[in-house]
Number of protein chains: 2
Amino acid sequence: MRDNNSDLRVIRTKESIRDALVELIDEKGFEAITVKDITTRAKINRGTFYAHYQDKYDLMTKFEEEIMFEMSRIAKQNFPGVIAALGTNSPTLAPFSLAVSLFEYLNENNGFMKAVLGPKGDLSFQTRLKDFMWKTIYGNDVNAIIKEENLLVPGQYLISYIASAHIGVIQQWLNSGMKESPQEMARILSTITVNGPLFAAGLKK
Amino acid sequence: MRDNNSDLRVIRTKESIRDALVELIDEKGFEAITVKDITTRAKINRGTFYAHYQDKYDLMTKFEEEIMFEMSRIAKQNFPGVIAALGTNSPTLAPFSLAVSLFEYLNENNGFMKAVLGPKGDLSFQTRLKDFMWKTIYGNDVNAIIKEENLLVPGQYLISYIASAHIGVIQQWLNSGMKESPQEMARILSTITVNGPLFAAGLKK
DNA sequence: ATAATAAACAACAGGTTGTTCGTTATTATA
DNA sequence: TATAATAACGAACAACCTGTTGTTTATTAT
């Protein structure tokens, strides 16, 4: 058999397409991009694009899925420790190291992440990223820690609050030049989440 | 003069266009919509559309600006009280009534809001909404209350956190059928923001 | 009643989209 | 290294959407 994806021409082509995509999202926004834009920038024939992807959405989805898969892997790796820590009196250590790992991954893929999470990015990715956080929070035996009867607000809103807040901070970090280290970002997020926004603002003791 | 926008034909046409737009965003998402879709649904000639708007983005922008203007009006109206309350020991009363007013407004315009803030909506509107919250928080003499030296985290991340969190909760509310009252939603948001997510989850006393 | 003008209708060039040819160039492998 | 497989190319296609324009019809304000 010879139908593998190891043909150098395929690898080269796909890489050119991805590079072109990231550049173009930054320049004109994902939705304004045409397949012709991509192939012109990637210096390949338009027909070649359609040999690999159905359309620009298919391309984007496949790209995003790889990113999500990797983030999921990192999360799964660190989650047992997080669950264990949440029950204790110092619920910041394990979540902190998970956050650091994720920020390091974002840092490595900052070209794509900045483009896709930016103001000209892809709304569906942000939606999927929130879904991912939902499932990560809800699906991982958190029920063992967080009991419905202890919640002061409906669970769905609490999760939406936390997930959106975290993504918002990530976006701000990416768009303002990633000047803080992954460690510092993890500290910022856990400070606000553990103590609350008002405390972090110095308005509450 | 007769160049006013009071001609019944104009009013009828613009209303048809807006109704069609909201319907179509819900069905196929803003970006997938063509001008032809809109005019077919609105039962008007395509040329008529171009007599009023440059393209679908122009239509969307004008629609959104009216919404933003109204939200800004509501915010400005309630802000003096919010500023005053933040300094006191009960910093929830005035912000609470502002939140109620805003949720009531969202409720009135739920067709548009649900469409535009939903997963098939308009990313640029969400970006503009965050900018609006930024300016509302930063620009309104908050400096008199929030002092940079008291912040435990950089101000830009704190604001991004709060703004994104609030929008996320609003989205969740709109997409899950708006079953809670504006009052209840205001309570939920202030509970999490004042006491912090971990406290609201029952994980902290 | 009538002048003003919004909306409809029709046609236009220019652009993008998928798709399909035959041809050329590159690759994997024996 | 020779060769069979196949990726990529170039060109062409109908179908569709976009703005725009000129003409005609219908509605509106006064």
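What you see below is based on every heavy atom in this structure, not just the backbone, and it leaves out hydrogens, waters and symmetry mates.
- When side chains are defined from C-beta on, A:Val169 does not count as touching B:Ser164, because their heavy atoms never get closer than 4.5 Å.
- Counting only heavy atoms from C-beta on, B:Thr48 has its side chain closest to C:dA7 among D:dT27, D:dC9, C:dA7.
- At whole-Å resolution of the value, NZ in B:Lys28 and P in D:dC17 are 8 Å apart.
- Considering A:Arg41, A:Lys28, A:Arg18 as possible partners of A:Glu23, the one that fulfils the salt bridge (Lys or Arg N to Asp or Glu O under 4.0 Å) test is A:Arg41.
- Residue contacts for A:Lys43: at a heavy-atom cut-off of 4.0 Å it reaches the sugar-phosphate backbone alone, with no base atom in range.
- Rounded to an integer number of Å, the gap from CG of B:Leu8 to C1' of C:dT5 is 13 Å.
- Seen from the ring of A:Phe30, A:Lys56 counts as a face-on cation partner, given the 6.0 Å and 45° thresholds.
- Side chains of B:Gln171 and A:Lys130: a donor-acceptor N/O pair is present below 3.5 angstrom, by distance only.
- Look at CZ on B:Arg46: it is 9 Å from P on D:dC17, rounded to the nearest Å.
- The closest side-chain donor-acceptor pair between B:Thr34 and B:Asp37 falls under 3.5 angstrom.
- Checking the phosphate oxygens (OP1, OP2) of C:dA6, no side-chain nitrogen or oxygen of B:His52 falls inside 4.0 Å.
- In this entry the distance linking OH of A:Tyr53 with P of C:dT17 reads 16 Å, nearest Å.
- As rounded to whole Å, 21 Å separates atom P of D:dC17 from atom CD of B:Gln54.
- Here C:dA25 presents its C1' atom at 12 Å from CG of A:Asp7, a figure rounded to the nearest Å.
- Projected onto DNA chain C by closest heavy-atom contact, B:Lys14 and A:Asn45 fall at different nucleotides, the more 5' of which corresponds to B:Lys14.
- Distances shorter than 4.0 Å separate none of the side-chain N or O atoms of B:Tyr50 from OP1 or OP2 on D:dT20.
- Using cut-offs of 30° and 60° for the angle between ring planes, the A:Tyr161 and B:His166 rings count as tilted.
- Rounded to whole Å, atom P of C:dG18 lies 9 Å from atom CZ of A:Phe49.
- The 5' end of DNA chain D is approached more closely, in terms of each residue's nearest nucleotide, by A:Ile44 than by the other of B:Thr34 and A:Ile44.
- Below the 3.5 angstrom threshold, one finds a donor paired with an acceptor across the side chain of A:Arg9 and the base of C:dT26.
- Distance CD/A:Gln126 to CG/A:Asp131: 12.5 Å, rounded to 0.5 Å.
- Between B:Arg12 and B:Asp55, the residue whose closest nucleotide on DNA chain D is further toward the 5' end is B:Asp55.
- Rounded to whole Å, the distance from CD1 on B:Ile38 to P on D:dC17 is 13 Å.
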- prompt: Under a 3.5 Å cutoff on both atom distances, Watson-Crick or G-U, what's the dot-bracket for DNA chain C ([ ] crossing, | other strand)?
  reply: |||||||||||.|||||.||||||||||||
